[in-house]
Colleague: 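Quick one: the structure is below, and I'll ask about it shortly.
For the single chain, residues carry numbers from 1 onward in sequence order. Whatever order the structure lists them in is the order used to number ligands and atoms, beginning at 1. Note that these values count all heavy atoms, side chains included, but never hydrogens, waters or copies made by symmetry. Just so you know, these numbers come straight off a predicted model, no measurement behind them.
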Amino acid sequence: DKGNHRHFMLKEIYEQPIVVAQTLRSYLQRMDERVTLPIPEGDLSAVKRVTIVACGTSFYAGMVARYWFEQFARVPVDLDVASEFRYRAPVMEPGGLALFISQSGETADTLAALRHARAEGQTIAVVCNVPTSSMAREADLLLSTHAGPEIGVASTKAFTCQLAVLAAFAANLARAKGRLSREDERAIVEHLAEAPASLNAALALDEAIEQVATQVAPARDVLYLGRGTDYPLALEGALKLKEISYIHAEGYAAGEMKHGPIALIDDAVPVIVIAPSGPLFEKTVSNMQEVRARGGRVILISDEDGIAEAGAGCAATIALPRVHPLIAPIVYAVPIQLLAYHVAVQKGTDVDQPRNLAKSVTVE
Ligand code: M6R
């Protein structure tokens, strides 16, 4: 049931404040300001390395999580798409944790990778939205997302719930490794708990984003740029556009632009820059200026401070509320989802059932 919404995708985008809050409830103890897991955590202190494997949007959630595992827990992370993982003879030493992320829990490549990691003696953790799925059943550590059924082929609410779980998991691992002070743990709880309200504030920009979509809909190619955890978000933004609006879109690490793709810049290629205020802002903005200096048409997604500082001269801006960098990937998912959605609607494509795609890819 789509409720009052025209498409399942839009309904699912709008559900995010609620389902992220629902998911966080299993991982945050607000009263004593603790991050915990809803399952026995085994002995995470023995984990020496984390191998993250997934496909599509779930892979981009894993890419964001890599920053968190490394930053909080100081554990080395290996990351790959499931369809490549097994074919490069990955080295998995004893004591390793292999983490699989999947909305459906049935994606054939991810499931095959999970079985490969199991055969290599890894502890298997699964972040999954369907508790009865194959991956959930084969997990040693099942970390559920509580997004509810996701019907739209384009993944939206599953992604933000995955990020919420992965942030909590990274904090748990950090604590098990003796690397999380009480103060840091309290701060993480506080920031994550702010995510639902910030998601609501991002949703309130829907009409403004619909306007911006009119500038993107006529394009044949689009570039998405981001740095740090905004780099996987750029990849996710480009994937959403490709999937449902059939516009050729590429996500790039902002700093890689000048190593090639900058040659593509002209005023027919909108360049969408994801740059929340924070430690990486200045660097990303200077990459954005390189694009502008070559006649590029920039759409800047930032917060009010960021837009005030760097928005002049952009073709369009989207100003989100200012959020802590930890939850920025969760909150910035909303504008990229809505942008793809409105572009698709303006182009008249089948938003919920895009051509050539299946909700769950059960062949390798
Ligand atoms: O069910 P999964 O999370 O394992 O699915 C992985 C991908 O097939 C999926 O994320 C796909 O890329 C989506 N259509 C993206 O919107």
Colleague: Heavy-atom pairs closer than 4.0 Å: do any link ligand 1 to the side chain of Glu106, the backbone, both, or neither?
Modeller: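 It is neither part, as no heavy atom is under 4.0 Å.
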
Colleague: Check each atom of ligand 1 against the heavy atoms of Ser58 and keep those under 4.0 Å away; list them by number with element.
Modeller: 2 (P), 3 (O), 10 (O)

Colleague: Between Thr110 and ligand 1, is there a nitrogen or oxygen pair with a distance under 3.5 Å?
Modeller: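 No; the residue has no nitrogen or oxygen that sits under 3.5 Å from a nitrogen or oxygen of the ligand.
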
Colleague: Validate the cation-pi geometry between Arg179 and Phe72: distance from NZ or CZ to the six-membered ring centre under 6.0 Å, angle to the ring axis within 45°.
Modeller: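 Not flagged: Arg179 not positioned over aromatic ring of Phe72.
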
Colleague: Answer yes or no: are there more than 12 heavy-atom neighbours, outside Arg220 itself, under 6.0 Å from its atom CZ?
Modeller: no

Colleague: Report the nearest protein non-hydrogen atom to atom 5 (O) of ligand 1: residue, atom name, distance rounded to 0.1 Å.
Modeller: Thr107 OG1, 3.4 Å

Colleague: Determine, using heavy atoms of Ser360 and all atoms of ligand 1, whether some pair is separated by less than 4.0 Å.
Modeller: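 Contact absent.
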
Colleague: Note the single closest protein heavy atom to atom 8 (O) of ligand 1, along with its residue, its atom name and the distance in Å.
Modeller: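 Result: Val361 CG2, 4.1 Å.
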
Colleague: Would you mind running through ligand 1 and noting each atom that sits below 4.0 Å from a heavy atom of Ser155?
Modeller: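 Close to Ser155: 15 (C), 16 (O).
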
Colleague: What is the nearest protein non-hydrogen atom to atom 6 (C) of ligand 1, stated with its residue, atom name and distance?
Modeller: Cys55 O, 3.4 Å

Colleague: Is there a donor-acceptor contact under 3.5 Å linking the side chains of His248 and Asp221?
Modeller: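 Yes, Asp221 and His248 have a side-chain donor paired with an acceptor closer than 3.5 Å.
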
Colleague: With no hydrogens and no angle check, do the side chains of Asp140 and Thr123 hold a donor and an acceptor under 3.5 Å apart?
Modeller: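 Per modelled atom types, Asp140 and Thr123 side chains form no pair under 3.5 Å.
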
Colleague: Where is the nearest protein heavy atom to atom 9 (C) of ligand 1: which residue, which atom, and how far?
Modeller: Thr57 N, 4.1 Å

Colleague: Can you tell which of Lys242, Lys359, Glu243 gets a heavy atom nearest to atom 14 (N) of ligand 1?
Modeller: Glu243

Colleague: The test is salt bridge (charged side-chain N to carboxylate O under 4.0 Å, His left out); show your working for Glu138 and Arg118 and say whether it passes.
Modeller: CA-CA 9 Å; Glu138 294 188 28; Arg118 156 99 51 222; 5.8 Å; no

Colleague: Which residue and non-hydrogen atom of the protein lie closest to atom 12 (O) of ligand 1, and at what distance in Å?
Modeller: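 Heavy-atom neighbour on the protein nearest atom 12 (O) of ligand 1: Gly56 CA, 3.3 Å.
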
Colleague: When you compare the side chains of Asn129 and His146, does any donor N or O come within less than 3.5 Å of an acceptor on the partner?
Modeller: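 Result is no, nothing qualifies.
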
Colleague: Look at the rings of His116 and Phe85 and say which category their plane angle falls in: under 30° parallel, 30 to 60° tilted, over 60° perpendicular.
Modeller: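 Perpendicular.
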
Colleague: So, Gln346 versus Thr214: side-chain donor-acceptor pair below 3.5 Å or not?
Modeller: no

Colleague: Using a 4.0 Å cutoff against the non-hydrogen atoms of Ala154, which atoms of ligand 1 qualify?
Modeller: 16 (O)

Colleague: Is there a polar contact between ligand 1 and Val153, counting only N or O atoms under 3.5 Å apart?
Modeller: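 Yes, there is a polar N/O contact under 3.5 Å.
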
Colleague: Regarding ligand 1, does Gln162 bring an N or O atom to under 3.5 Å of one of the ligand's N or O atoms?
Modeller: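 No: no nitrogen or oxygen of Gln162 is under 3.5 Å from one in ligand 1.
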
Colleague: Could you list which atoms of ligand 1 come closer than 4.0 Å to a heavy atom of Lys240?
Modeller: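 The list of qualifying atoms is 15 (C), 16 (O).
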
Colleague: Taking atom types as modelled, is there a side-chain donor on Asp109 or Thr107 under 3.5 Å from an acceptor on the other?
Modeller: no

Colleague: For atom 1 (O) of ligand 1, find the nearest protein heavy atom and state the residue, atom name and distance (0.1 Å precision).
Modeller: Ser104 OG, 2.7 Å

Colleague: For the side-chain hydrogen bond (donor to acceptor under 3.5 Å, both in side chains) test, which of Glu150, Lys359, Gln103 pairs with Ser155?
Modeller: Glu150

